[in-house]
Chemist: 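Once you've had a glance at the structure underneath, I'll fire off some questions.
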Amino acid sequence: GIQVEQSPPDLILQEGANSTLRCNFSDSVNNLQWFHQNPWGQLINLFYIPSGTKQNGRLSATTVATERYSLLYISSSQTTDSGVYFCAGRTGTYKYIFGTGTRLKVLA
Amino acid sequence: DGGITQSPKYLFRKEGQNVTLSCEQNLNHDAMYWYRQDPGQGLRLIYYSQIVNDFQKGDIAEGYSVSREKKESFPLTVTSAQKNPTAFYLCASSIEGLTAPLHFGNGTRLTVT
């Protein structure tokens with residue numbers, strides 16, 4: 001089956017720093033989403049980005065579908081950005097495949 | 001407001017008992033999903049359903065059962081056959097079609113002792 005690799009697995013930043021999270025797929029996927037899981041376990045949709053680039057405030061994402069990867073950029077990080085970031089893609093069926101996540105901690 | 005409601009938020013059961021987790025959505029979504037998350041891990045698919053009265057096994061369906069009698073409801077039963085049921089369970093939904101993002105409920109934390 002399709003494998004999803006996220007890097008780095010763990011990341012510690014000082015408040016105000018920038019970071020780039022990466023998601024690699026072993027095969028093509030139809031959709032790609034980025035989620036943020038907060039400390040209470042809620043999964044928040046960040047981006048639905050099958051291809052191209054999108055921006056939402058301090059966050060932006062780029063997916064290069066032909067090369068099977070996606071990047072999530074966090075600028076001017078804040079302590080509320082802490083949590084786990086997941087990417088997920090869908091195969092030809094309704095089945096979504098999730099990465100193992102990047103655990104981010106932003107220090108004040 | 002439209003959304004996905006999972007209840008209860010926390011659930012405690014004794015080993016050997018079946019337990020049913022509720023998932024209701026008012027988004028008029030066709031597809032619904034159940035995922036399991038263990039501490040420090042990613043999400044693994046248990047079951048999914050594309051339409052009413054139809055569902056498919058995911059990667060870890062053993063010890064679980066589901067039903068889809070109504071479009072808005074997709075309950076998950078954790079049976080006594082599930083060897084390690086303590087986990088965080090997340091329900092999700094999406095509209096029909098390949099270009100459809102996934103939306104999640106807030107999850108149910110199940111503890112079995």
Side-chain angles (χ1 to χ4, degrees), chain A residues 1-11 21 23-25 28-52 54 56 61 63 65 70 82-105, chain B residues 2-6 8-11 21 23 27 29-51 54-61 68 74 87-111:
Chain A
I2 294 178
Q3 304 298 315
V4 183
E5 182 179 329
Q6 288 188 243
S7 60
D10 297 282
L11 187 58
L21 282 57
C23 176
N24 288 334
F25 287 85
S28 298
V29 294
N30 295 321
N31 300 343
L32 196 139
Q33 280 183 265
W34 282 96
F35 297 91
H36 174 220
Q37 188 169 39
N38 64 24
W40 298 272
Q42 291 178 305
L43 272 167
I44 310 299
N45 287 314
L46 296 177
F47 293 101
Y48 170 71
I49 185 164
S51 63
K54 288 185 179 180
N56 184 3
T63 295
S70 184
S82 297
V84 185
Y85 291 81
F86 289 103
C87 63
R90 194 164 80 176
T91 67
T93 65
Y94 278 75
K95 185 176 176 180
Y96 280 84
I97 308 295
F98 279 78
T100 51
T102 291
R103 286 152 190 77
L104 172 64
K105 185 166 187 177
Chain B
I4 302 170
T5 301
Q6 289 188 244
K9 189 172 182 178
Y10 298 94
L11 191 53
L21 282 59
C23 178
L27 299 168
H29 285 177
D30 300 288
M32 297 187 74
Y33 310 77
W34 274 106
Y35 286 89
R36 169 182 171 137
Q37 186 178 31
D38 293 291
Q41 304 297 313
L43 278 69
R44 293 184 290 167
L45 182 65
I46 305 173
Y47 270 98
Y48 65 102
S49 168
Q50 298 175 27
I51 56 173
D54 188 44
F55 46 83
Q56 287 77 43
K57 293 182 179 179
D59 298 316
I60 55 166
R68 187 86 187 275
F74 191 41
F88 186 47
Y89 291 89
L90 286 152
C91 178
S93 70
S94 69
I95 61 173
E96 185 180 0
L98 292 178
T99 58
L102 204 57
H103 300 266
F104 279 91
N106 288 338
T108 293
R109 293 194 185 276
L110 173 64
T111 302

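The sequence lines fix the lettering, A, B, ..., with proteins before strands; numbering per chain opens at 1.
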Chemist: For B/R109 and A/G41, which heavy atoms make the closest approach, and how far apart are they?
Modeler: NH2-CA, 3.9 Å
Chemist: Does any backbone or side-chain atom of B/Q37 lie under 4.5 Å from a heavy atom of chain A? Answer side chain, backbone, both or neither.
Modeler: side chain
Chemist: CD of A/Q42 to CG of B/L90: how many Å apart, nearest 0.5 Å?
Modeler: 10.0 Å
Chemist: May I ask you to check whether A/F35 and B/F104 place their ring centers less than 6.0 Å from one another?
Modeler: yes
Chemist: Contact part of A/Q37 toward chain B, heavy-atom cut-off under 4.5 Å: side chain, backbone, both or neither?
Modeler: side chain
Chemist: Look only at the side chain of A/R103 and the backbone of B/G40, and say whether a donor-acceptor pair between them is shorter than 3.5 Å.
Modeler: yes
Chemist: What pair of heavy atoms forms the shortest contact from B/P101 to A/Y48, and how long is it?
Modeler: CB-CD1, 3.6 Å
Chemist: Please name the pair of heavy atoms, one in B/L102 and one in A/Q33, separated by the smallest distance, quoted to 0.1 Å.
Modeler: N-OE1, 2.5 Å
Chemist: About how many Å separate CG of A/L43 and CZ of B/F88, when rounded to the nearest 0.5 Å?
Modeler: 7.5 Å
Chemist: Please list, in residue-number order, every residue in residues 41-48 of chain B that has a heavy atom less than 4.5 Å from any heavy atom of chain A; write 'none' if there are none.
Modeler: B/Q41, B/G42, B/L43, B/L45, B/Y48
